[in-house]
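Scope of the values below: all heavy atoms of this structure, side chains included, with no hydrogens, waters or symmetry mates. Within every chain, numbering begins at 1; the chains are lettered A, B, ... in the order of the sequence lines, protein sequences first and strands thereafter.
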Amino acid sequence: MAEIGFNVDTTIYNDREVLSDTYSPPKVVGRNDVLKQYQNALLPVINGEEPDDIFVYGKSGTGKTECTHFILNQLESDIEEHNVPVDLERININCEGISSSYSLAIEIINSIRPMEDEISNTGYKEKRVYKMLFNELDAIGGTVILVLDELDAIDHEKLNGFLYQIPRARTNGYLENAKVGIVGISNDLTLLDDLKSDVKSSLSDKSIQFDPYDSPELFDVLKQRSDDAFLPGAVDDGILRHCAAIGADNGGDARKAIDMLRESADISRAEDADEVLSDHVRRAKEQLQSEEVITSISSLSQNEKITLYALVTLTADGSEKPRSRRVYERYEKLAESGGERSVRYRTVRDYLAELDTLQITNRDGENGGPDGNYRTHELNEQVSVEEAVNELSGVIKICGVHTSIEDVPTAPDTL
DNA sequence: TTTCCACAGGAAGGTACGGTCT
DNA sequence: AGACCGTACCTTCCTGTGGAAA
């Protein structure tokens, strides 16, 4: 048996927490222009006026959330420091997993109320929910900023209700004590297009766009973090530039670049290396891509997993880029063998579209032949068969071994 | 040129479910 | 207990597309 032992890290990290998602750096790097816009948009707050609603948009990892918290922290400390007579309360809601205005209102109510007074997610009439919400906000009083992160997670059209109600609550007499402003953070600009015109016009007045970071900006971000995170000599600027370049190639996402740096350093530390090397970065990149896909697979529904499993077995059978109909036929067989009720072809097409969106598979449109246009599907090159089969093991147990799954290679070869 | 075929995808509606209200 | 509410998941229907065949 190999000898197992733990060594205290004396060469790489000074403070690994600095590279975590939850860490807020004391200074924001490379976003001065948007911070200025933010500052202007929030001026009514410090003057005790009704706050404007602000719409913040940009791709993920462009610093929207970080800048929002930074500027609001700054606002709070300035109010305190200069004894400004403004009672400011901030309510942070992450909208991931929230599907409608109704659910959002309930989420806010429950975030204000103590645990024992929380209400359930369904059952109440919508009007009643808004009444409860306004009561809670009014009880807080003063200026209340609702920070709604990942607002685009909510079905765009279903957001109209909430975004219509809140700004008008005061004029309609539902709010007497509280001045409520919304800061909506979205990865998706089309959110604004899908809103009703009156809702849209009030939001678009104060919208702030976050562009993706370019490579030099990402370098500055990484440099700032690495100075605190690492011991001297552990990471040189060349490694930071490497991570920055990968980040810039992946949509200018600072979070991804920081994750890449941390993963590289973890690999380096695990190997007792004195410093982070390019090879560590390369392996970290592969590992993170693979992890992302595997996480997506584990979150799929049972039928989506069977659909993916159908594609895995077809691919293992040597069927290159099978089309939707072929995947469906295999899916039906698998579902049947597992005693599951199979869904219709139309639904499986939706599953295949979802798998493509999650980048678990690649979906191509083809034109030609007697069938006109059709779609073909293949596993994303980052998904190894072994990992996919591991993640789908629950489904495989149910469906049994009725296809040529025995032939699925278990070596970590990508297909 | 028209018709047919196989397909993609949007829209609307059905159903089951977990919840509250009266 | 039964009406009602919102949600998730799914089916059905429909329109549009593009190549082949008539």
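- Tested against A:K321, the residues A:R375, A:R326, A:E378 include a single side-chain contact (heavy atoms from CB on, under 4.5 Å) partner, A:E378.
- As judged by a 4.0 angstrom heavy-atom cut-off over every strand, A:S120 is placed among residues touching the sugar-phosphate backbone only.
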Under the salt bridge (Lys or Arg N to Asp or Glu O under 4.0 Å) rule, what do A:E286 and A:R282 come out as? Steps first, then yes or no, please. CA-CA 7 Å; A:E286 285 172 9; A:R282 182 188 57 77; 3.3 Å; yes

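- For A:E332 and C:dC10, the CD to P distance is 15 Å, given to the nearest whole Å.
- When heavy atoms are screened at a 4.0 angstrom cut-off, A:Y351 is found touching the sugar-phosphate backbone but no base atom.
- Each of A:T347 and A:E126 lies near DNA chain C, and the nucleotide nearest A:E126 is the one positioned closer to the 5' end.
- Regarding A:R128, its CZ atom lies at a distance of 17 Å from the P atom of B:dG19, rounded to whole Å.
- Taking only side-chain atoms of A:T122, from C-beta outward, the nucleotide of B:dA8, B:dG18, C:dA8 with the closest atom is B:dG18.
- Evaluation of atom-type donor-acceptor distances gives a pair under 3.5 Å for the side chain of A:R346 against the base of B:dG10.
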Run the ring pair (Phe, Tyr, Trp, His ring centres under 6.0 Å) check on A:Y13 and A:F230 step by step: do they pass? CA-CA 4 Å; A:Y13 284 116; A:F230 297 113; 5.4 Å; yes

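- Whole-Å rounding puts the A:I119 CD1 to C:dG6 P distance at 12 Å.
- Within the cation-pi definition used here (under 6.0 Å to the ring centroid, within 45° of the axis), A:R330 does not qualify as a partner of A:Y328.
- Among the heavy atoms of the strands lying under 4.0 Å from A:N303 are primed sugar atoms or P, OP1, OP2 only; no base atom is included.
- The C1' atoms of five pairs define one axis at each end of the helix from B:dT1-C:dA22 to B:dT22-C:dA1, and these two axes lie 30° apart (to 10°).
- The separation between A:E354 atom CD and B:dG10 atom P is 13 Å, rounded to whole Å.
- Using a 4.5 Å cut-off on side-chain heavy atoms (C-beta onward), A:Y374 and A:S324 make no contact.
- Under a cutoff of 6.0 Å and an axis angle of 45°, A:R168 and A:Y164 form a cation-pi pair.
- Checked against B:dC7, C:dC10, C:dG6, the side chain of A:Y345 finds its nearest nucleotide in B:dC7.
- Out of B:dA8, B:dC7, B:dG19, the shortest distance to the side chain of A:S324 is found at B:dA8.
- The separation between A:R323 atom CZ and C:dG19 atom P is 14 Å, rounded to whole Å.
- Look at A:R375 and you won't find any side-chain N or O under 4.0 angstrom from OP1 or OP2 of B:dC7.
- Following rounding to the nearest Å, A:K125 (NZ) and B:dG19 (C1') show an atom-to-atom distance of 14 Å.
- Rounded to whole Å, atom C1' of C:dT17 lies 13 Å from atom CZ of A:R349.
- Taking only side-chain atoms of A:Y374, from C-beta outward, the nucleotide of C:dT11, B:dG19, B:dC7 with the closest atom is B:dC7.
- Between A:Y124 and A:G97, the residue anchored nearer the 5' end of DNA chain C, judged by the nucleotide with its closest heavy atom, is A:Y124.
- One atom, CZ of A:R344, and another, P of C:dC9, lie 19 Å apart when rounded to the nearest Å.
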Pair A:S301, A:E304 - check side-chain hydrogen bond (donor to acceptor under 3.5 Å, both in side chains), show working. CA-CA 5 Å; A:S301 69; A:E304 282 170 326; 3.2 Å; yes

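- Checked against C:dA8, B:dC7, C:dC10, the side chain of A:V343 finds its nearest nucleotide in C:dC10.
- With salt bridges taken as basic N to acidic carboxylate O contacts below 4.0 Å, none links A:D259 and A:R255.
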